[in-house]
Amino acid sequence: VGEVAPETLTDGFHLLIDALKLNGVETIYNVPGIPITDLGRYAQAQGLRVLSFRHEQHAGYAAAAAGFLTKKPGICMTVSAPGFLNGLTALAHATTNCWPMILISGSSEREVVDLQRGDYEEMDQLAIARPHCKAAYRILHAEDIGLGVARAIRAALTGRPGGVYLDIPGALLGQVMDAVEGQKSLIEVVDPNPASVPAPEAIDRAIDVLSKAKKPLFIIGKGAAYAQADDKVRELVETLGFPYLPMSMAKGLLPDTHPQCASAARSLVLKESDCVFLIGARLNWLLSHGEGPAWGEKGSKSFVQIDIEPTEMDSNQKISAPLIGDVGSVATALLEKIGGSWQKPDESWTGAVRAKVEGNVAKMASRLKNNNSPMDYQGSLGVVKELLAENPDVVLVNEGANALDQCRSIVDLHKPRKRLDVGTWGIMGIGMGSAVAAAVETGNQVLAVEGDSAFGFCGMEIETVCRYNLPVCTVIMNNNGIYRGDGENWGGGDDPSTTVFVKDSRYDKMIEAFGGVGVTVDNPDALRQAIKDAFASRKPTLINAVIAEGAGKESGNIGNLNPSSVVAQQ
Ligand code: ADP
Ligand code: MG
């Protein structure tokens, strides 16, 4: 530095913060520690919102959810080795879900790591991150910070979105350079999310296939929700007139109460349809790969698919008409080509689907109104359904096994991107991180419906919810265990079963320790009142909802994925 006046200098800390701000970053999900503690403090000083969590995985899940909600990369910041690894789970989750996220982790100096001299939290983080994300970069020099951040943002957003790892050796942050040169080195990324317009031949081919279908069906996925082309998707669905199934995080893109929504006739439409038009949804395990008994006779369907990722086509079934592009551009091109000349499917198909939907909804209605104590899933979630219909801007976070499956099928969503759940992996523990991100990114009330097991993976973050005074109401569906609370030790010993928890736990006491509101309820009327109070006060609230021990089933709706032993018999 010598005789240079300090005000003409900048450093790695400030260049990194300036680069993020220049590219529109407003929020960082963080866990402080060496070497990034001051980076968080300086970011806060420079006007960024920095939310510190208790564990990196939840800061990461928050960043991932923020990416989905905002169509901009969610930023998570962690310390080296263990903190990095904790955050990496969330980065891999974001990548698997096709959500933009950047994990920025501090790391040890290359000279020490590469000679394996045994540094504090030594780890070759860049190499470890690379297979678990879309791209991974390391910045070694202050003058490259602009470049590194620009590459991370573009990689996270362009094409199929995903997670990016950015490795920040501690010494980089302290590097000094001329302030004017430093500002000149930053890059504001131009059009990181470029439109991807389909070829005219692809549009013609798709219209040809779709117009021949007698029993067509849409399946709409979270890629369509992410695309934020809500009006175009709705116009396409209503113009073509097919019944549609929303995947879980596409619920509400069109209201679940829309007359074309076929959720309550899922088995019928999957089996009977002759043409399936996928919009931002993959034919992965969540759709049993487009085959098997649920899908009706083998070879009975043609598939049309919109996806931004060309190699997604034919990943599970032959795609007769691939539409490569972003959802908004493809929907626009289809609608333009169709003009006013579309023949909607015959009433014999849409009417049959509608009748099935109405029959099943009517069958369910009385069960959702029961006031049993302790509660079952129908009575308790019937209340949630009713309250979300009255409060359609509430963001619903949902995880668990039965708590997930039952809530997904019972609770209607009415607006786009109002549901955050376990995603493509079906992981447990996303709840509290997602709830924080939902409250911070939208400003709306959040309702987290959590299985008691799922909550255990992230429960400490209710302190984070209380510390930032976020409008998050968490309902613990407490049935004393994983799947069910009445399991027994198969060996007959004194230890409890591997799948049960302390009976009659009072999760509501946990939030009281941090100044939040705790309530315990054992019937639907009391649950309704407690949620209403939470919505009215917007105070951090935790409701311990007592569910009957035997109400759940093994692995919820996916018990078929459990291998079974042919020799041992319980
Ligand atoms: P779901 O689990 O809801 O079925 P998936 O995560 O399986 O949804 O599928 C989402 C798909 O959406 C991915 O294949 C992804 O490439 C695609 N996608 C993401 N963003 C866009 C976009 N803007 N336009 C088109 N496709 C997109
Ligand atoms: Mg449970």
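Numbering of ligands and ligand atoms starts at 1, following listing order.
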Chemist: For atom 4 (O) of ligand 1, what is the closest protein heavy atom, and at what distance to 0.1 Å?
Modeler: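 It is Met247 CG, 3.3 Å.
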Chemist: Would you mind checking which non-hydrogen protein atom is closest to atom 2 (O) of ligand 1, with the distance to 0.1 Å?
Modeler: Lys222 NZ, 2.7 Å
Chemist: Return the closest protein heavy atom for atom 10 (C) of ligand 1 as residue, atom name and distance.
Modeler: Gly280 O, 3.1 Å
Chemist: Does the shortest distance from the Mg ion (ligand 2) to an N/O/S atom of Ala401 fall below 2.8 Å?
Modeler: no
Chemist: Using a strict cut-off of 4.0 Å, indicate which atoms of ligand 1 neighbour a heavy atom of Asn284.
Modeler: 7 (O)
Chemist: Between Asp230 and Lys415, is there a side-chain N and carboxylate O pair less than 4.0 Å apart?
Modeler: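 Here Asp230 does not pair with Lys415 in a salt bridge, since their nearest N and O are not under 4.0 Å apart.
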Chemist: Kindly say whether Gly159 contributes a backbone atom to a donor-acceptor pair with the side chain of Glu309 at under 3.5 angstrom?
Modeler: no
Chemist: Identify whether the distance between the nearest side-chain nitrogen and carboxylate oxygen of Arg408 and Asp405 falls below 4.0 Å.
Modeler: yes
Chemist: Closer than 4.0 Å to some heavy atom of Tyr226 - which atoms of ligand 1 meet that?
Modeler: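 It comes down to these atoms of ligand 1: 20 (N).
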Chemist: Using distance alone, determine whether Arg160 and ligand 1 share an N or O pair under 3.5 Å.
Modeler: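 Arg160 vs ligand 1: N/O contact under 3.5 Å present.
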Chemist: Have a look at the Mg ion (ligand 2) and estimate, to 10 degrees, the angle subtended by OD1 (Asp452) and O (Gly481).
Modeler: 90°
Chemist: Examine the proximity of ligand 1 to Leu287 and report which part, side chain or backbone, both or neither, has a heavy atom under 4.0 Å away.
Modeler: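 Looking at Leu287 and ligand 1, no heavy atom falls under 4.0 Å.
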Chemist: In the protein, which heavy atom is nearest to atom 13 (C) of ligand 1, and how far is it?
Modeler: Asp307 OD2, 3.3 Å
Chemist: Closest non-hydrogen protein atom to atom 27 (C) of ligand 1, residue and atom name please, with distance?
Modeler: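 Answer for atom 27 (C) of ligand 1: Ile308 CG2, 3.7 Å.
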Chemist: Do me a favour and list the nearest non-hydrogen protein atom to atom 5 (P) of ligand 1 with residue, atom name and distance?
Modeler: Arg282 NE, 3.4 Å
Chemist: What distance separates Met249 CE from Leu413 CG, expressed to the nearest 0.5 Å?
Modeler: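 Answer for the CE-CG pair, Met249 versus Leu413, is 11.0 Å.
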Chemist: Are Arg234 and Asp231 within salt-bridge range, i.e. N to O under 4.0 Å?
Modeler: no
Chemist: If the plane angle is over 60° it's perpendicular, under 30° parallel, otherwise tilted; pick one for Phe242 and Trp342.
Modeler: tilted
Chemist: Using only atom types and a distance under 3.5 Å, with no angle test, would you say the side chain of Asn23 pairs donor to acceptor with the backbone of Glu188?
Modeler: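 A pair under 3.5 Å: no.
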Chemist: Strictly under 6.0 Å, is that where the ring centroids of His93 and Trp99 end up?
Modeler: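 His93 vs Trp99: aromatic centres under 6.0 Å.
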Chemist: Enumerate the atoms of ligand 1 whose separation from the nearest heavy atom of Gly221 is less than 4.0 angstrom.
Modeler: 3 (O)
Chemist: Look at the N, O or S atoms of Ser453, main chain and side chain alike, and state whether any lies under 2.8 Å from the Mg ion (ligand 2).
Modeler: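 No - counting backbone and side chain alike, Ser453 has no N, O or S atom under 2.8 Å.
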Chemist: Would Gly325 count as a contact residue for ligand 1, given that I'm defining contact as a non-hydrogen atom of the residue lying under 4.0 Å from a ligand atom?
Modeler: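 Judged by the 4.0 Å heavy-atom criterion, Gly325 does count as contacting ligand 1.
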Chemist: Should we count NZ of Lys337 as having more than 12 external heavy atoms under 6.0 Å?
Modeler: no
Chemist: Taking NZ, NE, NH1 and NH2 as the nitrogens, is one of them in Arg54 or Glu463 under 4.0 Å from a carboxylate oxygen of the other?
Modeler: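 So Arg54 pairs with Glu463 through a salt bridge.
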Chemist: For the pair Asp256 and Lys251, find out whether any cationic side-chain nitrogen is under 4.0 Å from an anionic carboxylate oxygen.
Modeler: yes
Chemist: Identify, for atom 23 (N) of ligand 1, the protein heavy atom at the shortest distance, and state residue, atom and that distance.
Modeler: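 The protein heavy atom lying closest is Ala227 CB, 3.6 Å.
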Chemist: Identify, for atom 24 (N) of ligand 1, the protein heavy atom at the shortest distance, and state residue, atom and that distance.
Modeler: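 Result: Val327 N, 2.9 Å.
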